[in-house]
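Remarks on the structure that follows.
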Amino acid sequence: MSATTQSPTASDSRTPSSSPSRAARLLGDRRLPVAVTALLFLLMYGGGLARYQYYGFAEPQVFLNLFIDNGYLLVAAVGVTFVILSGGIDLSVGSMIGFTTMFTAWLVERQGLPLLVVVPMALAVGAFGGFLMGYVIHNFEIQPFIVTLAGLFLFRGLCLVISKESISISDSTVSSMAQAQASLGVGFLSIGAIVSLVVLAVAFYVLHYTRFGRRVYAIGGNEQSAMLMGLPQGGTKIAVYTVSGFCSALAGLLFTLYIQSGDPLHATGMELDAIAAVVIGGTLLTGGSGYVLGTLFGVLVLGLIKSIIQFEGTLSSWWTKIATGVLLCTFILVQRFMTTRKKA
Amino acid sequence: MAEPRPVLEMAGIVKEFPGVRALSDVDFRLFPGEIHALMGENGAGKSTLIKVLTGVYSLDGGTITLDGRSVRIASPLQAQQAGISTVYQEVNLCPNLSVAENIFIGREPTRMGRIQWKRLRREAAELVDRLGLDIDVSAPLSSYPLAVQQLVAIVRSLNTGAGDGEGPGTKVLILDEPTSSLDRDEVLQLFALMRRLKEEGVAILFVSHFLDQIYEVCDRMTVLRNGTLVGEHMVSDLDQVGLVQLMLGKAMGQLDELHEHQLRSDAGDTLVQADGLGRTGGIAPFDLEIRKGEVIGLAGLLGSGRTELARLLFGADQPDTGKVTIGGRRVSMSAPNDAIGAGVAFCSENRKSEGLVPDLTVRENIILALQASRGWTRPIPVAQRDELVAKYIKALDIRPANPEARVGQLSGGNQQKVLLARWLITQPKLLILDEPTRGIDIGAKAEIQKLVVSLSEEGMSVLYIAAELEEVLRLSHTIGVLRDRRLVAQIANGPEITTSRILETIASGEHQ
Ligand SMILES: Nc1ncnc2c1ncn2[C@@H]1O[C@H](COP(=O)(O)OP(=O)(O)OP(=O)(O)O)[C@@H](O)[C@H]1O
Ligand SMILES: [Mg+2]
């Protein structure tokens, strides 16, 4: 580097990277997976319309029911989106939901506490559970997979400590809230659906317009670098699991409202549905890339599979699982393809 | 002489890693308004000293005084808050975020907690512009080459603590080998910036293995050897020969003894023939012939397409025009495996993301490519393997010379040597070296250059990319000049070819 003649072409030759070709740019665009999932949803919906239009599929309410019937899943999946974006995983979601249903039903029915008191308690317990898991993951440097697996067993076990049988809820506030409908003219939404959409909007805002949200992406991109850049990566990680715990508890409350009972076996395996929705929504399992809006489409696609199978009538509900599995495989392969393309 | 009070003083610093004493009883001080070089061979402890100072590693002994007050810095965040900004040796940014975000993350402009994206992008564009970079700040960092990422890291560090009125402003700026992947123009830009900051009273700690750069910008230097302090000197009091002697602990043999290696103009048969090979957005179609035993050096500015050309020849990018024959056989080049099968090896400039596996040992890393080329079902016999590994550890002077050490724990320069060993061991027909001496100290650099010469004499062809023109000129039989992603000239090396001739060609785009 001791050449003393300064290059006269300094200005024009210091444009280090040409703009990649249009196609390459499109393929590399991180929004593409979301668009693909949205398109898939539209295609499936269109297919449903074509096939079952004389059986009431065209009713706007069928579409709105997707939100009503999957609101709790959406809320849980939003929490999981935070965790996966940060490069982690949360397997405790289903148990946390089950636990919340039991906890709520027990307090409302057996202890006679008013719902208004129980709701904040349930949310606090969920957030605290998430916080604890995050704390252990960060401070003892243990794999999130292991820690949240422990959380899965723990909360399922706690359900049984509360009661071995299911507790149905006859509280009048609960049933009136469960039946409340917000009319939209062409149809209606339930409280659960509305809450889930609010959660989605808040999550979008947090992830894209707050420093915390951007830190989540940063530690998902490269945790070591984030630390060296002076980002409080430990606090961010703990916060992410706290968010997920809170969302699980909220999902549990919505589920309680939806089903009006607590049961130690409620929502078994729902963490996997949530993770599937996130991945189908285009979020990379390796972290750092994805959108919470994609998660909405992921949940809608899963919900639509369920309703189509219901409309079909003769198909066993196991087909839902099979279709989900096939979709998941396809989407992971697509992701794999896209990330290797980007590196090449 | 009445000296001002140092802004930073480290005394009796000790840092131990399992089995290695990386720093023992090191003293270091830094004055406001000076540029201070930290010198030493690969593995001397420079980066470790920086990481201890900035809270990445904990101290095992010693004290740190900042502005006259004793401090304990437990994390890079605390270091930043105390006014110390750092660019670590490897680019440490988030590839998934945009350039603008990488510059600002942690300090994004907000209004009532809401990030102001427009303002963030505008300010980032201004900052990047000031360094003379013309890039789209909203594109993800990963879409830019290493040199640009390096510059972005520098822009970030310059901006840390400044501007938003929250921090105390940067008092100490640490740059650990910031220039290793920059070309001359960027280096000049960076130096101008460093001088400006120095005027403003910032203390700058600068690490580089380019001695000329040290003598160009630095005022004072501290020399480390094997984790111990050798001495602190004013740059003006110590000449290069003396400095090298301090660093190595012995006088350096003549560096230029390889200078006159036979430049056989009528070298062997054609090994590689590329016809009209090109890729849109990468490099314009070019013809290139590489003969057996020939060293082809690529010269050109940052972003002129040197790496892109090499990647096409390795199949790392797929060409969309042209064809390649290697040893007379047409090779499809649709994936690196095709090239590897035809005897091409590629030592990438980006050792962090494309090269080494930090959690594997030195031995495993070295053996990786050879094992892959044999197929995983035919393991290399243990004795042969150990012998090979030992041979290359010795040949490249990898330290510590322990095949069981984890690569992630080696110093930056020693990691580079491991990567080099990996490809040398496969005995390729064509070896592509992209910035092989990046971050390597001058002693080892000479060794590597000698090795290239002897390999070429044994009949291996080498495609050699280096930012330093002298290096290219010293080694190459033929010099390919690139400009604006086009191979504009191929010049046969000879006594009449000088760096200024090459620079002219780069500037004008033609060779007379
Ligand atoms: N995390 C670690 N664990 C174990 N040993 C380490 C670790 N980091 C560094 N070392 C060792 O400490 C010594 C000093 O390394 P350091 O990275 O400070 O060297 P350096 O002077 O920066 O060299 P270079 O010029 O190659 O960057 C080396 O022997 C290295 O192997
Ligand atoms: Mg170093």
Side-chain angles (χ1 to χ4, degrees), chain A residues 1-25 28-30 85 87 205-206 208-215 217-235 284 286-290 340-344, chain B residues 56 75-77 79-80 86 88 92-97 101-102 105-106 108 110 113-115 117 132-136 140 142-145 147-148 156 160 179 183-188 210 212-213 280-282 301-304 316-318 467-470 483-485 499-500 503 506-507:
Chain A
M1 287 246 170
S2 59
T4 43
T5 348
Q6 192 183 344
S7 155
T9 56
S11 56
D12 62 38
S13 46
R14 223 181 304 111
T15 318
S17 178
S18 73
S19 43
S21 74
R22 254 254 208 71
R25 200 168 235 190
D29 195 314
R30 284 156 207 284
L85 278 177
Y205 181 85
V206 168
H208 294 283
Y209 291 98
T210 67
R211 289 185 178 179
F212 166 67
R214 301 321 293 169
R215 286 206 299 271
Y217 279 89
I219 67 172
N222 189 333
E223 197 180 332
Q224 174 75 11
S225 291
M227 187 268 287
L228 290 177
M229 286 163 96
L231 302 177
Q233 103 280 19
L284 290 188
T286 45
S289 171
T340 47
R341 277 293 305 218
K342 226 176 287 167
K343 246 186 263 155
Chain B
V56 180
S75 71
L77 179 61
Q80 276 181 22
T86 315
Y88 294 94
N92 280 292
L93 297 174
C94 293
N96 59 324
L97 302 182
E101 268 204 279
N102 268 293
I105 192 161
E108 298 95 335
T110 55
R114 181 193 161 116
I115 296 177
W117 282 107
L133 263 176
D134 175 23
I135 55 175
D136 173 9
S142 58
S143 60
Y144 291 106
V148 175
R156 173 180 173 81
T160 312
T179 55
D183 76 9
R184 186 67 196 157
D185 288 320
E186 270 75 24
V187 170
L188 288 179
F210 298 109
D212 293 337
Q213 294 181 358
T280 346
L301 298 176
L302 176 63
S304 58
D317 291 330
Q318 285 80 51
E468 229 180 337
L469 273 185
E470 282 84 359
R483 179 192 149 103
D484 295 342
R485 298 177 174 263
T499 48
S500 46
L503 274 174
I506 292 177

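Naming: A, B, ... by sequence-line order, numbering from 1 per chain.
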Please state whether the side chain, the backbone, both or neither of Leu97(B) comes within less than 4.5 Å of a heavy atom of chain A. side chain

Considering only heavy atoms, which portion of Glu101(B) lies under 4.5 Å from any heavy atom of chain A: side chain, backbone, both, or neither? side chain

Interface moiety of Phe212(A) toward chain B, non-hydrogen atoms closer than 4.5 Å: neither

Between Tyr217(A) and His208(A), how do the two ring planes meet: parallel, tilted or perpendicular, split at 30° and 60°? tilted

Any donor-acceptor N/O pair, Ser225(A) side chain to Leu93(B) backbone, under 3.5 Å: yes

Could you tell me which non-hydrogen atom of Gln80(B) sits nearest to which non-hydrogen atom of Leu228(A), and how far apart they are? NE2-O, 4.5 Å

pair Arg156(B)-Ile105(B): side-chain heavy atoms closer than 4.5 Å: yes

